[in-house]
Number of protein chains: 2
Amino acid sequence: MPKLDAAQRFKAELLNVSSKAALAELLVEACAAMGCSWFALTHHIDFLAGPEKGVRLHNYPEEWVRWFDEQGLGVNDPVHRASQRRAAGFLWHEMGTFSRPRRGDRAILARARHHGIYDGLTIPTHIPGEAHGSVSFAWSRGSSATPEALMFAQSLGAFVFEAARQLSGGGAANDPPRLTDRQIECLLWAARGKSDSVIAQIMNLRTDTVSEHLRNARSRYDARSRISLAIRALFDGTICFGDIAKG
Amino acid sequence: MPKLDAAQRFKAELLNVSSKAALAELLVEACAAMGCSWFALTHHIDFLAGPEKGVRLHNYPEEWVRWFDEQGLGVNDPVHRASQRRAAGFLWHEMGTFSRPRRGDRAILARARHHGIYDGLTIPTHIPGEAHGSVSFAWSRGSSATPEALMFAQSLGAFVFEAARQLSGGGAANDPPRLTDRQIECLLWAARGKSDSVIAQIMNLRTDTVSEHLRNARSRYDARSRISLAIRALFDGTICFGDIAKG
DNA sequence: CCCGCCATACCAAGAAAGGGGGGTATTTTA
DNA sequence: TAAAATACCCCCCTTTCTTGGTATGGCGGG
């Protein structure tokens, strides 16, 4: 297993990549260093735009990817789902300890094995309001993802992500709508399930004023319902679960 | 500089910490391994109101912290600001290359030096919609944060974050309600902002059936509104942002 | 200095949607 | 075989969303 200084050489090269091809090449090298067969990088910029806008790079077997795409999986498979709820990297075979399995998950994993993909690890990375993604490395039959590999991948993951971020146009791309203080306050109460009139009582305002704040917030997010508003604001970090739970 | 296997031992211990004191002790050890003087861990679940709700752990000089708090800094200092817009860890003295300095930043950094803090590095970590945080390590005069230390810290950062997350009650959820397939399907459309009648058209059902599914889902979550339902289901992982974005 | 822009707060009316309550009847599954 | 899950139906009230307004105070550019 590679040492820290190997990781550092990768890091230096990652920060200088100028094309997807170069990035892919580096990831192949990382695979070699860890003794695994495949890598997959997803970097998806905008909640609304879907994954087309980000970077998607991998060397998975074509048939597996075709099946995966045909099924309309994408962010629906257990690995991606788990990566949305974690800060730290994880081994696929330990996923069950922190992510609740869903019906159909086993079928997906079985299908992956059918294509030779037996085990793997994933490093999630998130930047609030900008991009979310992950880097995965996958092993074929006979070998499996080790804690050592996880450590190595963990030290690289964030830099892979930064490289992808640069390739897809950098951080300046999309800043989320800004809400005013009052709009956020109203939104938080709404996210707690309060009606406009109750919010008005709480905030000592007229009901119409509350409606007005939420209306303006919706229009800034181009959201037609308060539920879309809440979820988009949650996704981009304008509000967070802690804010909501607090009330 | 420590090797990857040292990082791994830290990781194993991090995942087992049961108190803030134990976590602090581990971070002191990490400092020793890197040759730095101070660590600072912020894990803010609530980032408008300040860090009271999350975990805040550090061994900075008391006077520095007192000044920092009195100034009402918090997320306003250059390091924290940079950490909100980065996925990868960074050295403080390289911050200028990716984060535009703000008026007052220099004064803050000068003040830190006045308290002995000359250089450092920070590893940001984020989980969309849940928590934002960072781990920093700081060096006193004469030494400085090196790329090697950054690599080491990067490999640990996410696990430190997960440890803090567990301590603040984020990770361990008591078993959440289970929704049926149809309930989840309806909920996802609702979370995308669709009305019951529209959902019914999409799913080829009567409007009442959709309302029924959502009513049952609400009752399982003991939620009075669909917005509470959606947010709680999001929080416990029954649905995730990716699911919602997909539609 | 005035002007526009924005945040804030308030008002009203009507159409659409959500939520609570009561039902019935199949099919699947444990 | 009993319990769920699924699908459908009704009524009634509340809430949300949309579309029109008015008015105040702050802040920066010309």
Side-chain angles (χ1 to χ4, degrees), chain A residues 100-107 175-234 238-239 244 247, chain B residues 48 102-104 175-234 238-239 244 247:
Chain A
R100 200 147 45 100
R102 218 185 253 178
R103 181 180 298 198
D105 285 359
R106 289 187 54 180
D175 40 8
R178 301 228 165 178
L179 300 185
T180 70
D181 293 352
R182 294 304 246 181
Q183 283 166 2
I184 290 179
E185 223 174 313
C186 289
L187 171 55
L188 283 175
W189 286 112
R192 290 169 195 139
K194 306 296 182 193
S195 73
D196 292 5
S197 60
V198 172
I199 298 172
Q201 286 183 319
I202 294 169
M203 291 178 63
N204 231 322
L205 292 173
R206 300 292 142 207
T207 305
D208 299 291
T209 307
V210 174
S211 304
E212 173 79 4
H213 285 314
L214 286 172
R215 187 204 322 191
N216 291 331
R218 280 199 309 277
S219 99
R220 291 193 180 189
Y221 268 90
D222 200 23
R224 234 167 286 126
S225 64
R226 59 169 51 192
I227 199 168
S228 301
L229 168 63
I231 284 172
R232 289 179 205 175
L234 251 180
T238 296
I239 62 174
I244 300 169
Chain B
L48 294 177
R102 222 184 251 178
R103 178 182 299 198
D175 46 71
R178 295 227 169 196
L179 300 185
T180 69
D181 291 354
R182 291 305 244 183
Q183 283 167 0
I184 291 180
E185 221 174 317
C186 289
L187 171 55
L188 283 174
W189 286 112
R192 291 170 194 138
K194 306 296 182 195
S195 71
D196 291 6
S197 60
V198 172
I199 299 173
Q201 286 184 318
I202 294 169
M203 290 177 64
N204 232 321
L205 293 174
R206 301 293 141 208
T207 304
D208 297 294
T209 307
V210 173
S211 303
E212 172 78 4
H213 285 313
L214 287 172
R215 190 197 326 192
N216 291 332
R218 281 199 308 276
S219 98
R220 292 194 179 188
Y221 269 89
D222 199 24
R224 238 171 299 120
S225 62
R226 59 170 50 193
I227 199 168
S228 301
L229 169 63
I231 283 171
R232 289 180 207 175
L234 254 180
T238 295
I239 60 174
I244 300 168

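Just so you know, these numbers use all the heavy atoms, side chains as well, and skip hydrogens, waters and symmetry mates. All chains are named by letter (A, B, ...) in the order of the sequence lines, taking the proteins before the strands, and each is independently numbered beginning at 1.
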Q: Go through the structure and list residues passing side-chain contact (heavy atoms from CB on, under 4.5 Å) with A223(B), not counting sequence neighbours.
A: Y221(B), S228(B), L229(B), R232(B)
Q: Going by the rule salt bridge (Lys or Arg N to Asp or Glu O under 4.0 Å), which residues pair with R220(A) if we only count those two or more places apart in sequence or in a different chain?
A: none
Q: Can you give me the bend angle of the helix from dC1(C)-dG30(D) to dA30(C)-dT1(D)? Use the axis through the first five pairs and the one through the last five, nearest 10 degrees.
A: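 For the helix from dC1(C)-dG30(D) to dA30(C)-dT1(D), the axes at opposite ends meet at about 60°.
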Q: CD of Q183(B) versus C1' of dA7(D): gap in Å, rounded?
A: 13 Å
Q: Can you name the side-chain hydrogen bond (donor to acceptor under 3.5 Å, both in side chains) partners of S197(A), sequence neighbours left out?
A: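 Applying side-chain hydrogen bond (donor to acceptor under 3.5 Å, both in side chains) to S197(A) gives S195(A).
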Q: Can you name the atoms? Protein N/O to nucleotides 28-30 of chain C N/O, anything below 3.5 Å, with the distance.
A:
none

Q: Rounded to whole Å, how long is the line connecting atom CG of D222(B) with atom P of dG20(C)?
A: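 One finds 10 Å between P of dG20(C) and CG of D222(B), rounded.
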Q: Indicate whether OP1 or OP2 belonging to dA4(D) is found under 4.0 Å from a side-chain N or O atom of T180(B).
A: no
Q: Return the value, rounded to whole Å, for the distance between atom CG of D196(A) and atom P of dC11(C).
A: 15 Å
Q: Near DNA chain C, which residues from residues 223-234 of chain B have a heavy atom under 4.0 Å away?
A: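 Nucleic-acid contacts, sorted: R224(B), S225(B), R226(B).
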Q: Tabulate protein N/O versus nucleotide N/O from nucleotides 8-14 of chain D, keeping only pairs under 3.5 Å, one per line.
A:
{"from": "dC8(D)", "atom 1": "OP2", "to": "R206(B)", "atom 2": "N", "distance (Å)": "2.9"}
{"from": "dC8(D)", "atom 1": "OP2", "to": "T209(B)", "atom 2": "OG1", "distance (Å)": "3.1"}

Q: Can you measure N216(B) atom CG to dA3(D) atom C1' for me and round it to whole angstrom units?
A: 14 Å
Q: Once salt bridge (Lys or Arg N to Asp or Glu O under 4.0 Å) is applied, do any residues pair with R215(B), and if so which ones, sequence neighbours excluded?
A: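 With sequence neighbours excluded, R215(B) shows a salt bridge (Lys or Arg N to Asp or Glu O under 4.0 Å) to E212(B), given in chain and number order.
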Q: Can you name the closest pair of heavy atoms from I199(B) and C186(B) and give their distance?
A: CD1-O, 3.8 Å
Q: Distance check needed: dG18(C) C1' versus L214(B) CG, whole Å only.
A: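 Those two atoms, CG and C1', are 10 Å apart.
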Q: I'd like to check the side-chain hydrogen bond (donor to acceptor under 3.5 Å, both in side chains) partners of T209(B); sequence neighbours left out, ordered by chain and number.
A: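 Scan of T209(B) (side-chain hydrogen bond (donor to acceptor under 3.5 Å, both in side chains), adjacent residues dropped) gives none.
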Q: Can you confirm whether I239(B) sits close enough to L179(B) that some side-chain heavy atom of one is under 4.5 Å from a side-chain heavy atom of the other?
A: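 With C-beta onward as the side chain, the pair stays apart.
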Q: How close or far is atom P of dC6(C) from atom CG of D181(A), stated in whole angstroms?
A: 16 Å
Q: Would you please name every residue forming a salt bridge (Lys or Arg N to Asp or Glu O under 4.0 Å) with R182(A), sequence neighbours left out?
A: E185(A)
Q: OP1 or OP2 of dA4(D) sitting under 4.0 Å from any side-chain N/O of R220(B)?
A: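 Answer no for this pair, as no side-chain N or O of R220(B) is under 4.0 Å from OP1 or OP2.
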Q: If only side-chain N and O atoms of R218(B) are considered, is one of them under 4.0 Å from the OP1 or OP2 phosphate oxygen of dG18(C)?
A: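 Checking dG18(C) against R218(B), no side-chain N or O comes under 4.0 Å of OP1 or OP2.
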Q: Establish, with yes or no, whether the OP1 or OP2 oxygen of dG18(C) is under 4.0 angstrom from a side-chain nitrogen or oxygen of S211(B).
A: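 Negative; the distance criterion is not met.
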Q: Once you round it to whole Å, what is the distance between P of dT8(C) and CZ of R182(A)?
A: 7 Å
Q: Could you tell me which residues satisfy salt bridge (Lys or Arg N to Asp or Glu O under 4.0 Å) with D181(B), sequence neighbours excluded, listed by chain and number?
A: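 So D181(B) forms a salt bridge (Lys or Arg N to Asp or Glu O under 4.0 Å) with R103(A).
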Q: dA4(D) C1' sits how many Å from H213(B) NE2, rounded?
A: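 Answer to the nearest Å: 12 Å.
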